[in-house]
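One structure is given here, and the rest of the page talks about it.
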Amino acid sequence: MEEKKKRPRKPKELENQPGRYDERNTLNDLTGKEWLLLTKSYWETETSIIDKGAYKHPAPFMVGDIKKLISLFTKKGMTVLDPFVGSGTTLIAASILGRKAIGIDLNFEYKLLYEERMDHFNLEKTGEYIVGDSLKILDYIENVDYIVTSPPYHNILRNTSKGTRNNTGKDYRMSARDGIEYYSELDNDLGNLEKYEDFLNALKSIMEKAYGRLNNKKYASIIISDFTVNKKEVCVQSDIVRIMDEIGFEFSGTTVLLQPVKPLYPFGYPYAYKINHHHQNIITFRKCE
Ligand SMILES: C[S@@+](CC[C@H](N)C(=O)[O-])C[C@H]1O[C@@H](n2cnc3c(N)ncnc32)[C@H](O)[C@@H]1O
């Protein structure tokens with residue numbers, strides 16, 4: 001009997017090699033293999049026990065998740081913008097990766113939190129934290145290579161009476177919330193708009209300005225989950241894609257960011273099915289003029 005030909009195996013020493021960098025790469029500094037891994041349509045969130053300071057903000061990003069996005073969509077030295085920067089995670093990730101960055105937030109206290117986190121990680125600043133309304137500040141920004149941001153989720157922080165997590169426990173994502181906390185009392189805070197339609201319009205106005213500041217052929221990612229409005233489940237993702245499309249952005253795809261360690265709540269039990277949101281959607285767009 002003829003012996004079956006075996007495919008040659010990759011030499012052992014090359015198995016963990018991250019791949020080759022292609023000189024034609026205009027998007028990022030990744031090798032082909034690193035790039036490919038990040039095109040997977042789901043990621044598991046990168047929780048970090050050493051970043052407990054982030055939870056002084058009610059809804060912080062995880063630095064590891066934003067590092068992945070920035071390394072996928074920029075090269076070293078490029079500029080990242082976050083118009084809702086909160087505790088400054090985007091600025092922190094940009095500093096670690098040697099990117100310039102501009103972060104804007106209405107709330108001065110979050111700038112102090114960002115500075116605390118930068119000290120904690122002993123990082124050199126490569127970005128600027130501007131306190132103010134993005135709708136106005138964006139008039140003075142230019143030459144942006146990537147936008148990554150997460151707006152307030154309409155007014156759900158006010159409606160659900162959640163607060164910042166008490167960070168005494170081992171697992172900060174699971175620990176109890178200490179009380180009511182929302183971003184601010186300011187009228188121009190997107191988290192304070194009563195009607196969902198007003199929230200979408202305000203977000204659209206800010207993203208419209210951000211579009212004008214973004215260099216052509218560059219990308220923007222909005223991180224948001226679906227949520228309920230007046231107790232009804234809303235497909236927020238489809239509304240975000242619609243408003244971004246109206247602005248002129250081209251939809252590039254959604255990466256599902258899995259958050260497996262969140263607690264499960266019996267919302268509708270035992271009468272009706274109500275979903276537990278255990279992921280965020282990273283919805284990415286491109287400016288193509
Ligand atoms: C979901 S949080 C962003 C959290 C951030 N990704 C982090 O890692 O901490 C949304 C932020 O938007 C800010 N915000 C709301 N309306 C704004 C506006 N008009 N201009 C600038 N920031 C605003 C809030 O103060 C809040 O910190």
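Worth saying up front: this structure is predicted, and the values here are computed from it rather than measured. All residue numbers refer to positions in the sequence shown, counting from 1. Both ligands and their constituent atoms are indexed starting at 1 by order of listing.
Of the charged side-chain nitrogens involved, none lies within less than 4.0 Å of a carboxylate oxygen, so that E109 and K56 do not count as a salt-bridged pair.
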Please report the C-alpha distance between K111 and D105 in whole Å, then the side-chain angles of each, then the deciding distance to 0.1 Å, and finally whether the salt bridge (Lys or Arg N to Asp or Glu O under 4.0 Å) criterion is met. CA-CA 8 Å; K111 181 177 183 182; D105 202 284; over 6 Å; no

Kindly list each side-chain donor-acceptor pair under 3.5 angstrom involving residues 197-204, sequence neighbours excluded, with atom names and distances?
residue, atom, partner, partner atom, Å
N201, ND2, E197, O, 3.3
K204, NZ, E246, OE1, 2.8

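Figure legend: K287 and Y219 shown without cation-pi pairing, the cationic atom not lying both under 6.0 angstrom from the six-membered ring centre and within 45 degrees of its axis.
Ring pair H57/Y110: centre-to-centre distance below 6.0 Å.
Around ligand 1 you find H57, A59, P60, F61, P83, F84, V85, G86, S87, T89, D105, L106, Y110, G132, D133, S134, S150, P151, P152, Y183, N188, D189, L190, I206, each with a heavy-atom distance below 4.0 Å.
With a 6.0 Å radius and a threshold of 12 heavy atoms from other residues, nucleotides or ligands, K67 has its NZ atom at or below the threshold.
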